[in-house]
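Comments concern the structure below.
Hydrogens, waters and symmetry mates play no part in the numbers below; they use all other heavy atoms, side chains included. Residue numbers begin at 1 in each chain, while the letters A, B, ... track the order of the sequences.
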4 protein chains.
Amino acid sequence: MSGTRDKILEAADDLFGQVGYDAATTREIAERCQVNKALIHYHFKNKEGLLASVLDRYYEKLAGTLQGALSGQESLRERMLRLVDTYMDFLSENRNFNRIVQREASGGKHMDRISEHMAPLFQLGTALIQGTYPSTRTGEMSATQLLVSFFGMAINYFTYNRLLEQLTGADPLSGDKLDMRKRHLRRMIEILVDVIEEQESQHVS
Amino acid sequence: MSGTRDKILEAADDLFGQVGYDAATTREIAERCQVNKALIHYHFKNKEGLLASVLDRYYEKLAGTLQGALSGQESLRERMLRLVDTYMDFLSENRNFNRIVQREASGGKHMDRISEHMAPLFQLGTALIQGTYPSTRTGEMSATQLLVSFFGMAINYFTYNRLLEQLTGADPLSGDKLDMRKRHLRRMIEILVDVIEEQESQHVS
Amino acid sequence: MSGTRDKILEAADDLFGQVGYDAATTREIAERCQVNKALIHYHFKNKEGLLASVLDRYYEKLAGTLQGALSGQESLRERMLRLVDTYMDFLSENRNFNRIVQREASGGKHMDRISEHMAPLFQLGTALIQGTYPSTRTGEMSATQLLVSFFGMAINYFTYNRLLEQLTGADPLSGDKLDMRKRHLRRMIEILVDVIEEQESQHVS
Amino acid sequence: MSGTRDKILEAADDLFGQVGYDAATTREIAERCQVNKALIHYHFKNKEGLLASVLDRYYEKLAGTLQGALSGQESLRERMLRLVDTYMDFLSENRNFNRIVQREASGGKHMDRISEHMAPLFQLGTALIQGTYPSTRTGEMSATQLLVSFFGMAINYFTYNRLLEQLTGADPLSGDKLDMRKRHLRRMIEILVDVIEEQESQHVS
DNA sequence: GATGAATGAGCGTTCATTCAT
DNA sequence: AATGAATGAACGCTCATTCAT
């Protein structure tokens, strides 16, 4: 049993989340989990491999979580409402995830690795929407445009939580505030699905 | 004449945008603009001071741009439609801006400086919306929630443009694609303002 | 085996002695002992830590040496005569010691560390003298005044040895000249102990 | 009128005294006297030239002071008593002098310059003593030995004033304490001149 | 005399990584 | 699986000094 590997992963996850990949040092990671510095390279080959493992772990968890939310027999509207909740919960419970991904996705050498992880999730989403609503295949309200928007709405609440905290004086990640945000996003879903369904009826005719 | 200062700013802007603040080195910045390494510290005191100057320059430009878009006698709806266009153009013409800000806003030591810059812009936005639509003072469709959402929709298109490129096979930042995104966002504005105005009429009664 | 640590200490000792702490560079220390520059920081954390270790080593040696000289059953006069010899031998055999200490004791950031090392030695000396000759507790011939004087007589011969060399044309640190200096200091001891014992007899009456 | 030159000298004197030649930077010297950094090189050629000027100024002052004390028709004993007072006053009024000299005399590249300054003063002293007391030409109580001793007694009180302050809890450079030290040194003169005069009478016979 | 900009060398320090044990 | 020592490259930064104006 290699509890060491997990301890390193945990520490790296924390430090990457707090200061970013480049500012994080193997020395501090090793110190945080009380492990010899050289062991990081023994277990993960190098610093990049460590980040890859951290990301892999997250996307594995995320894929499972989202799949669970998307499956089922309810209407797409219902499943999307559930998805938003699930995703917000995931971001809330794994705050380092968004911190790491937002940073590395904004350019730099790890951008592609993240793209690779997200592509199948994104494609699953567009396929699902387009399957139900053919009118979303193209145009200004295409599934792609909608997904990017929803993705942005969800993620940015976490990315700029410090700004929001400063502006509102309250912790945006507390249970209350997070619930309000989830209500907002569900409302957005309702509004947009209404719009799409109306557009769909015109599209068919 | 202090063209040197500007040359350094330009180079730093580029490198910060490409690899991030931490991965950027003063040595490479100096090389890129053919300037002595020590001059960076002469003109900006610090690597941190250099980032601060880069950010200041952007937020100065942005504040001017947004103010121009928000002023005028048209309805708020009109002004918001114009604002979205203006903001998207700004992000398109200053692509490093989003790269730098997204990274540094996701935690780390420069988060607060960014918050300080964005706070007044954000407050201006909420004040404007709440002034016209009192029903947006609280609740799931509050001005704050709406602003975070719009901000996220706009920004994320740029943040994940590489993912979109990979998925669609086309450059999301080309004129065509960018116009489509702007149309999407304007449509979102129309939809939401409709919703708010209806909600407003009920709120008054 | 940590011979590396000692090699670094030796080289640092030499260079600090020759050019002073500030003018000494870690790079040259590393070169002198054929050791990787980074190892200095691995073993001593800091350039400051390196100086601290150099000083500690000296004061440890010195404390042992002086304790050996002061112990015994002979009269204080005898022990002081022996002490002077021992101290002069120590300074002669560890010439960098005086060079380093004189420089750093003359103000600057390491002054306090040196004071801390010397304080117990100094206090031991005064206690010993005052114990034997109560009349030296205060006044112009107090133990403190006498110790400072003797300390100065001994040290300055080394500090200004280059001046003396220039004036006399001979090496003041050669065996002959050093012996003469030791005879001078012993004679000073004899003279002053005579004075103190006479003063003591008047003091008692 | 070049008040600038003097302002620089003053600032350099202070900083050299506080942190030493190597740790002092031209930038801080320039800042302290509100003068452009480049002007230091205009007025003093380089940093070494600045130290040379600082030292020259001191030794000029010192030579005048000592000459005044040594001249006169009184006995050598009287003149030496006066000299000790004068010298201690000089050290007290020019505390940076001793700080700078002790540091640079302890090895390093400025040692020789200091030796050159001190040699004539030292030779004057030995000539004077040997002229009056021929028995001090050689031996353990030679004029040279005596001068080194007195020099050391005087100087070391200032060099180790911080240690003394820590040990006694009082400022050794206050008027009271300084007077006591001067009394001690005068007493030492009396004692030693007595010894020499006795030795002299035996030497003649 | 005085200044702001510029320079090249070098500073102490830290990095990810390797290696022998 | 684990460790302490070692490595070479590079880091941000500061230095004394120069130069054109």
Side-chain angles (χ1 to χ4, degrees), chain A residues 1-5 7-8 21-30 34-51, chain B residues 1-5 7-8 21-30 34-51, chain C residues 1-5 7-8 21-30 34-51, chain D residues 1-5 7-8 21-30 34-51:
Chain A
M1 193 264 306
S2 178
T4 301
R5 221 189 102 98
K7 269 163 50 182
I8 296 172
Y21 174 79
D22 290 308
T25 68
T26 55
R27 179 172 60 66
E28 182 157 6
I29 292 170
Q34 306 264 54
V35 149
N36 188 286
K37 202 169 38 131
L39 274 181
I40 293 177
H41 295 84
Y42 176 81
H43 283 292
F44 299 94
K45 177 80 178 171
N46 55 27
K47 198 183 169 190
E48 291 232 17
L50 181 52
L51 175 62
Chain B
M1 195 261 304
S2 185
T4 301
R5 224 189 101 100
K7 269 164 47 184
I8 296 172
Y21 174 81
D22 288 310
T25 69
T26 55
R27 182 175 139 288
E28 181 157 5
I29 293 170
Q34 304 264 55
V35 148
N36 189 290
K37 212 179 15 148
L39 273 180
I40 293 177
H41 299 88
Y42 176 77
H43 283 293
F44 301 95
K45 178 88 179 167
N46 258 345
K47 193 186 171 190
E48 289 229 19
L50 181 52
L51 175 61
Chain C
M1 193 262 303
S2 186
T4 300
R5 225 189 101 99
K7 269 164 49 182
I8 295 172
Y21 175 80
D22 288 310
T25 69
T26 54
R27 181 175 140 289
E28 181 158 5
I29 292 170
Q34 304 265 55
V35 148
N36 188 291
K37 212 176 17 145
L39 273 180
I40 293 178
H41 299 88
Y42 176 77
H43 283 292
F44 300 96
K45 178 86 179 169
N46 257 346
K47 193 186 173 190
E48 289 229 19
L50 181 52
L51 174 62
Chain D
M1 193 263 305
S2 180
T4 300
R5 221 190 103 98
K7 268 163 49 183
I8 295 172
Y21 174 80
D22 289 308
T25 68
T26 54
R27 180 171 61 66
E28 181 157 7
I29 292 170
Q34 305 264 54
V35 148
N36 189 286
K37 201 168 41 130
L39 274 181
I40 293 177
H41 295 85
Y42 177 80
H43 282 292
F44 298 95
K45 177 79 178 171
N46 55 27
K47 198 184 169 189
E48 292 233 16
L50 181 52
L51 175 62

Output for pair (D/T25 OG1, D/K47 NZ), nearest 0.5 Å, gives 7.0 Å
Smallest heavy-atom separation, A/R27 atom then A/K37 atom, equals CA-CD, 3.7 Å
With a 4.0 Å limit, can you tell me whether A/T4 has a side-chain N or O closer than that to the phosphate oxygens OP1/OP2 of F/dA2?
yes
Stepwise side chain to side chain contact (heavy atoms under 4.5 Å, CB included) test for B/T26 and B/L50:
CA-CA 10 Å; B/T26 55; B/L50 181 52; 5.7 Å; no
From CZ of C/F44 across to P of E/dT14 the rounded distance in Å is 16 Å
To the nearest angstrom, the CD-P distance between A/Q34 and F/dA2 comes to 14 Å
Whole-Å distance, D/Y42 OH to E/dT3 P, equals 12 Å
Atom NE2 of B/H43 and atom C1' of E/dG4 are separated, to the nearest Å, by 9 Å
When rounded to whole Å, the CD1 to C1' distance for the pair A/I29 and E/dT14 reads 15 Å
From the list A/N46, A/T4, A/I8, side-chain contact (heavy atoms from CB on, under 4.5 Å) partner of A/I40 resolves to A/I8
To the nearest 0.5 Å, atom CG of D/L51 lies from atom CG of D/D22 at 9.5 Å
When rounded to whole Å, the CG to P distance for the pair A/L39 and F/dT3 reads 6 Å
Per-nucleotide protein contact along nucleotides 16-21 of chain F, 5' to 3', at a 4.0 Å heavy-atom cut-off (B base, S sugar-phosphate only, - neither), is SBBB--
Secondary structure of DNA chain F per the Watson-Crick/G-U criterion (both distances under 3.5 Å; [ ] crossing, | other strand, . unpaired) is .||||||||||||||||||||
Rounded to whole Å, the CD-C1' distance (D/E28 to F/dT14) equals 13 Å
Whole-Å distance, D/N36 CG to E/dA6 P, equals 15 Å
